[in-house]
Every structure is written in structure tokens, then in C-alpha cells.
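To find a chain, count down the sequence lines: A is the first, B the second, and so on, and within it residues start at 1.
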There are 2 protein chains.
Amino acid sequence: MNKKQELAEAATDHALEHGLIGLSLRPLAAAIGTSDRMLIYHFGSKDELVAAVLAVSNERSIAIIRKVPPSGSVRQAVMDLWGAFGDRQLQRCQRMYVEAAALGLFGREPYATSVVGSNDGWMVAMTAHLRASGAGVTEAPGLAALVDATFNGLMLDRPLESDDVARRIVEDLADALERATTGTGHPGNE
Amino acid sequence: MNKKQELAEAATDHALEHGLIGLSLRPLAAAIGTSDRMLIYHFGSKDELVAAVLAVSNERSIAIIRKVPPSGSVRQAVMDLWGAFGDRQLQRCQRMYVEAAALGLFGREPYATSVVGSNDGWMVAMTAHLRASGAGVTEAPGLAALVDATFNGLMLDRPLESDDVARRIVEDLADALERATTGTGHPGNE
DNA sequence: ACGGCAGTGTAGCAACTGCTACAGTGGGAA
DNA sequence: TTCCCACTGTAGCAGTTGCTACACTGCCGT
């Protein structure tokens, strides 16, 4: 059991670096000092290996988000969450999540299922941070979904835009949300 | 030349339906009534075929966006653009774009290069619509990037959320941006 | 009539894929 | 000592991949 966990961690490190899409057993095994034979032995199939890798990556992502201390306002919460996205480890986890989500878009397994599971835990953590930073109970989930979607979208275009540009876009979003949530009433979903 | 164009269109149709990631020449060729031999003959390599497919898809996407008539306000512009995303053809084009972008995240060619090119034209079209709907010259590009990122992010989680949920999130964004752009001064990048 | 050239089918290559069969190791329990 | 079991290496299978060599068609200009 311990061995399996070690392999899962090592495989995750490798996948975070080299991507999930072209992942194949033999190169992966060689890189982490084992053999394809062993990976199949411990995980049963490549699909289960991939599911394990996605689970490990998701745990790491959530752990990083949970460490962000509560912010003083919704605006600051958005900026602080974005700051957390500056963490290279989190960036790689998100990058791989985007890969998995893209694969899941066409219903491929185990990606589609893993993505749903990962997203659940992730949204809980995002929502919790917004709540702790002053967002209302009813509005927090919607805000979290909006912020998450925007961050993921920016991740997709990250190679295109400098970090400065992305940061300014996030500032626009943060400002807009601050006005929306503190203004007279708040928008959308009551 | 004509034949090549026909093949590119047919290949695009097939890729929009079945995805770009697992795409391989023989099944694709069989589906569109030709042979792998012919695809290589006309395009030279699979990479060039893929580049052609992405270009065709991008042209279609932009054509759809350009048809959206100018909206009366920034809020309405965001909602109208989102409405355009309800178009199934556009949805599939965006879905494939997300696939290409995910592949490009790790620097894979020809995806990374194609994605940059596609994004340029796409952002021009998005910006143009926001401009025509009342957004200022300086703020329109930032708004377009923000809206685009959010839409793409929502696309990633589309299997997770009902269209109603996504729509409410977009409404939140539209309301927030409307307040931000018509309020006293406007946020971020002056 | 003839040469050339765009287009096409058939067969195949070398590399790679996930996975399996077989044959072992070593150590710890009885 | 004996047995068992977690673990491992070697070889290989059947299938798929992008791509190519070779041979052939038909049409079009001369």
C-alpha cells in the first residue's frame, strides 16, 4: 500500500511536469525509477493510475488554497486567491486540471469522472475562502464559480499574456465584484 | 487546391465532433471518405492538417461572433455574447479551442502556435463587439479578455453545471461589469 | 499519339501503445 | 525448514500510430 502511494506521488510529480495528455506508461515508469509492469501491478490499469494522479494533484491544490488567510474584503479575497495562483506548484496543478477537463469535455474516462470529483472539493475550498472574507452565504458559491472560471480561462491564455496583463484583468474583476457585492443590493442570483 | 480545402472542411467537422486529442489519420480519413494516404498527400503531415483544422474552426467562430448585432450596453453585450455561445456550432468550436489550448499549455506543436494565432483574431472580434456596444477604447480590450477568459472557464466546467447555473454566473459578471464601467471612474487599467 | 502530372490504392515499416504470461526473488510466519 | 506472498524482471502479444515506396489511373497540353 505504501509503495503504491509513493508511486502515485512520483507519477503525479512527473505528470505535473510533462503533461497528462501524452502520458504513457513506459517513459513515465523509467522517469520515476520503476517499470510499466510495476505500475500496472500496483494500479491495475492506466486509467486507475491517471485517476490516482488526478486525486493527488487535487489534494495538493486544495491544500494550497486552504492556507490562504482570510482577506479583508471580497476584492482582496479575489486578489489573494490570484496571488495563490502565482505559486508554481498550484500553477502546475491547475494546468494539469485544465488538461483533464479538456479530455473530459468529450466524455473520455477516467478524466470526465475525475474532473467532476476534483471540482467539487475545489469549489468548496474557494467558496470557504470567499465566505471567510466577507461574502454572503447565498452569493459566495456563485462568486466562487465566477472567479474559478475566470482563473481557469486566464490559465488557458497564460502563454499569450504577460502576468501583468493577467493581473490587471483580475483587478478589473475584483473591482467589479467588490462594487457589485457591496453596492445597493447585489446582482443576479438574489 | 480545392480538394485540399474540401478535406480541411470535412476534417474540421469530424474533429469538432470527436475531439482533437485522440485524432488519428486512419479513422478520420475513413469517416470523411478518403484515406490516410490522401491526407498526408494533401497536407504533408498530420501537424499541418491539424493547423488547417484549427484555422477553419477559428474562422467559423469569428464569423459567428461578428454576426451578433451591437448591444445597447456593456451588460447587454456580455449577455448577447453569452447568447452566441448557446449556438451549438460555436460551442463545438470553443470546445475544440479549449482542447488545443490545453495541448499548447505544454508547448506542443502545432497547437501552441495555432492557439496564439486563433486567439488574436478572436480577441479582435470580441473587442469590436464590446466597442460597438458602448465600451470605451481603453477599457474594451481588458473587458474582452476578462469576458473571454470567463466564458472559456465556464466551458471547461460545462459538464458540471447546468446551463442555468452558467447563465446566472454570466449575469453576475455582466452586472458587475456594467456597474464598474458606468460607475464613478472605472477600475484598473485606466 | 504521347508525355507529364495531379491524384489514388495497396502494402508495409518501424515505433509505440496498454497489458499479460511466465518465471522468478526475497523475507517473514508456521 | 517450509511455505506463502508481496514484489519484480524479461519477453512478448496484438493493436495502433504517422508516414513511405511502388505502382497505377485518368486527364490535359502538345
Considering all heavy atoms, the nearest A:Leu20-A:Glu99 contact: N-OE1, 2.7 Å

Can you tell me the distance, in whole Å, between the NZ atom of A:Lys4 and the P atom of D:dT8? 14 Å

Here the residues of residues 107-115 of chain B within 4.0 Å heavy-atom distance, strictly under, of DNA chain D are none

So which atom in A:Glu17 and which in A:Arg95 form the shortest heavy-atom distance, rounded to 0.1 Å? O-NH2, 3.6 Å

Between A:Asp172 and A:Arg167, does any side-chain N to carboxylate O distance fall below 4.0 Å? no

Looking at B:Ala140 and B:Thr127, what are the two nearest heavy atoms and their distance? CB-CG2, 3.8 Å

Within this structure, what is the OH-to-C1' distance between A:Tyr41 and C:dG18, rounded to whole angstrom? 19 Å

side-chain hydrogen bond (donor to acceptor under 3.5 Å, both in side chains) involving B:Tyr97 - partner list, sequence neighbours excluded: A:Asp157, B:Asn119

What's touching nucleotides 16-21 of chain D from the protein side, N or O pairs under 3.5 Å?
unit_1, atom_1, unit_2, atom_2, d
D:dT17, OP1, B:Ser24, OG, 2.3
D:dG18, OP1, B:Lys46, NZ, 3.1
D:dG18, OP2, B:Leu25, N, 2.9
D:dG18, N7, B:Arg26, NH2, 2.8
D:dG18, O6, B:Arg26, NH2, 2.8
D:dC19, OP2, B:Lys46, N, 2.7
D:dC19, N4, B:Arg26, NH1, 3.4
D:dC19, N4, B:Asp36, OD2, 2.7
D:dA21, N6, B:Arg37, NE, 3.3

For B:Asp80, run the side-chain hydrogen bond (donor to acceptor under 3.5 Å, both in side chains) check against B:Ser133, B:Ser73, B:Ser71 and tell me which one passes. B:Ser71

So, OP1 or OP2 of C:dT8: does either fall under 4.0 Å of a side-chain N or O from B:His42? yes

Return the value, rounded to whole Å, for the distance between atom CD of B:Glu6 and atom C1' of C:dG7. 13 Å

Rounded to the nearest Å, what distance is computed from the CG atom of residue A:Leu7 to the P atom of nucleotide D:dA6? 16 Å

Nearest heavy-atom neighbours spanning A:Val53 and A:Ala11: CG2-CB, 3.8 Å

Reckon A:Thr34 touches a base, only the sugar-phosphate, or nothing at all at heavy-atom distances under 4.0 Å? nothing

Between B:Gln94 and B:Ser61, which heavy-atom pair has the shortest distance, and what is it? OE1-OG, 3.9 Å

